[in-house]
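The block underneath contains the structure these notes are about, expressed in structure tokens.
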There are 2 protein chains.
Amino acid sequence: MVAARAGVSTATVSLVANGKTAGRVSEDNVSRVREAIAELGYVVDGIGSSLAKGVSSVVVLVAPDISNPFFAKVIAGVRDSLGPQYQLLLSVADAGEFPEADDVRRLMSLRPAGLLVDAPNAGFLEDLASPSPLVLLDAPGLEAHAPSVNLDVASGARELAAHLADAGHRQAAYVDSVTGTETFALRREAFLAEAAARGITVGADRIISTTVDVGTAASAFAGAWPAWQRQEVTAVVCSTDTQAYGVLQEARVAGVRIPAELAVAGFDDLPYSATSNPGLTSVHLPAAALGQKAGEQLRRLMEGQPLEMPAVTLESTLVVRGSTAAGS
Amino acid sequence: MVAARAGVSTATVSLVANGKTAGRVSEDNVSRVREAIAELGYVVDGIGSSLAKGVSSVVVLVAPDISNPFFAKVIAGVRDSLGPQYQLLLSVADAGEFPEADDVRRLMSLRPAGLLVDAPNAGFLEDLASPSPLVLLDAPGLEAHAPSVNLDVASGARELAAHLADAGHRQAAYVDSVTGTETFALRREAFLAEAAARGITVGADRIISTTVDVGTAASAFAGAWPAWQRQEVTAVVCSTDTQAYGVLQEARVAGVRIPAELAVAGFDDLPYSATSNPGLTSVHLPAAALGQKAGEQLRRLMEGQPLEMPAVTLESTLVVRGSTAAGS
DNA sequence: CTGAAAGCGCTTACAG
DNA sequence: CTGAAAGCGCTTACAG
């Protein structure tokens, strides 16, 4: 250990580098060691340190869909609350997939300081069996597995149903996501229940599922629209904004006027939704806050502190824009 | 080391686990150890292994913009060629930023097996000074720093200029990106040179720059369009498809017919470009191949093999769609 | 307040 | 072909 050139033992250097000097190292030595560290540009070797401590400084974020503006905001929130002492690394699987049991084992053999898992399914969590602190994001119904930060998508969905009912819609359709993630089931069920309560009909034949992708949603809508039109559907709700963009696009091709003939809405409130024409009505989900809160909770766990609230839920709110403008 | 219960020494277990048994361990012991490993579900501890070997099994991918469908494909390509023995981890900085010198040091203290850096600037590479094998992606002009895999954006840009000239356009405009990444300078210069050679005028006042973002591009176009229209501009080329979406959207708002009054084109050929209406003419960039090739090169480096071709360039091709349909 | 020593879980020359 | 031993770079009780 080169920095031992500061005239002290490696033990002292280690104490200083880890900020554990309180009442254990003399002022004199602290500053001498600090100087030496600065001069030599010394950085504690992560591997050696991890082995001795039994844990690394890496926080692994596992997520099924990285290429999504929503997710980018979640990451920014996590980085914010985690701070610079932890290295945030994203574990990437194929789009929409989770790492397999083998990959997970290899990941765990890196001894991460903590784990953040976004929108997991129960199966993945069982494979995990993580000895590291773990916080779940957007995993409604899985609170029993680990501390979680969730989004109250249901209340936003109900707001949306109320908004459409108020605007006079009576026949609607729903474009769901094929992935089995729980949040999508929640969005759908909350919307359908409130819609029914307010006199909006959404028959089972008017619920279709697509991947979260503009193109697929567009063609699925193109296929379904003729029948829906005959049934006098005047509103389509999509489980994500991305799918709503597909509907919007295809409606334009088919010459359907938005919102006069058809109201369209989604979930997420992606940046594009504010600038599209017409703007897309959407249930705003607080992405940055989701990441931030999850990072905070994980940090507490990693520092051995207890969590006052192991299950946190963040509010969602409806943002009304041109795609459902009243007066239809 | 629990698996030593197989009746052999830890040395033998290590040999088996690392597949270095060739002529050094008896068949008998190999299978006994394999069984024990399977029974106990043993996984080599990454930290211990890394310390002994001096290098971990982690490959770090550093990139400035994660939330981009283009990038998702690059990652898929990298995963493909790297295989399961390396853990691919994404280092995330704030959108459009690179990690700072400090973060880089901390990253390096993890002793990554290799480093992949997408679209870096020269400054970042100097901070890096990586002792690990390093491959650059999409870093034209930086081949001197490290082995690189680049995209031949220039030839695509020239194809695009030729296509527009053939369609009879004489006055054009260019929407550039504000980030100083080299690839954008290349796109612009190649397009401008070829356009000039073919009789298309693009005055300096008809080159604007925006962030890579639908909204900003849309409003920048809205501001510029009146002047361009007076100058009889009939074609706008954007440095990315994302910006082109903004132009398309704003043109629709302004009642400009595409492509009759205005032809629009971009770079990247994102999935949405094929399904939008009209489809967006775009210079196709082979994202998956970029990642795959970079992964291959890095793998060779990590295995100590020499590179036949330290600088690889991948072709780009123009994909013509409705947004520039001939017959304007 | 300080340093010598053990130990974290592995891998790799080195003897045998 | 096999195992005992040293060593990778740190951290942390433990004596002093």
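Protein chains get the first letters and strands the later ones, always in sequence-line order, with residue 1 at the start of each.
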For the residue pair A/A139 and A/N150, what are the closest heavy atoms and their distance?
N-ND2, 2.7 Å

Any idea which heavy atoms bring A/P99 and A/D103 closest together, and the distance?
CB-CB, 3.9 Å

Atom CZ of B/R111 to atom P of D/dC10: distance rounded to whole Å?
8 Å

In whole angstrom, what separates B/D45's CG from C/dC10's C1'?
8 Å

Selection from [options] that lies nearest to any side-chain heavy atom of [X]:
{"X": "A/V44", "options": "D/dT11, D/dT2, C/dG9", "answer": "D/dT11"}
{"X": "A/S49", "options": "D/dT2, D/dC10, C/dG9", "answer": "D/dC10"}
{"X": "B/R24", "options": "D/dC10, D/dG3, D/dT2", "answer": "D/dT2"}
{"X": "B/V25", "options": "C/dT2, D/dT2, C/dC8", "answer": "D/dT2"}

Give a yes or no on whether the backbone of B/S56 and the side-chain of B/R111 come within a donor-acceptor separation of less than 3.5 Å.
no

Ignoring backbone atoms, test whether [X] places a side-chain nitrogen or oxygen under 4.0 Å from the OP1 or OP2 oxygen of [N].
{"X": "B/S26", "N": "D/dT2", "value": "yes"}
{"X": "B/K53", "N": "D/dC8", "value": "no"}
{"X": "A/Y42", "N": "D/dC10", "value": "yes"}
{"X": "B/T10", "N": "C/dC10", "value": "no"}
{"X": "A/N29", "N": "C/dC1", "value": "no"}

Nucleotide paired to C/dC1 in any strand shown, Watson-Crick or G-U, under 3.5 Å
D/dG16

Assign each of B/A11 and B/A52 to its nearest nucleotide of DNA chain D by heavy atoms, then name whichever residue's nucleotide is nearer the 5' end.
B/A11

Could you walk me through whether B/V62 and B/F124 pass the side chain to side chain contact (heavy atoms under 4.5 Å, CB included) test, one step at a time?
CA-CA 11 Å; B/V62 181; B/F124 175 74; 4.0 Å; yes

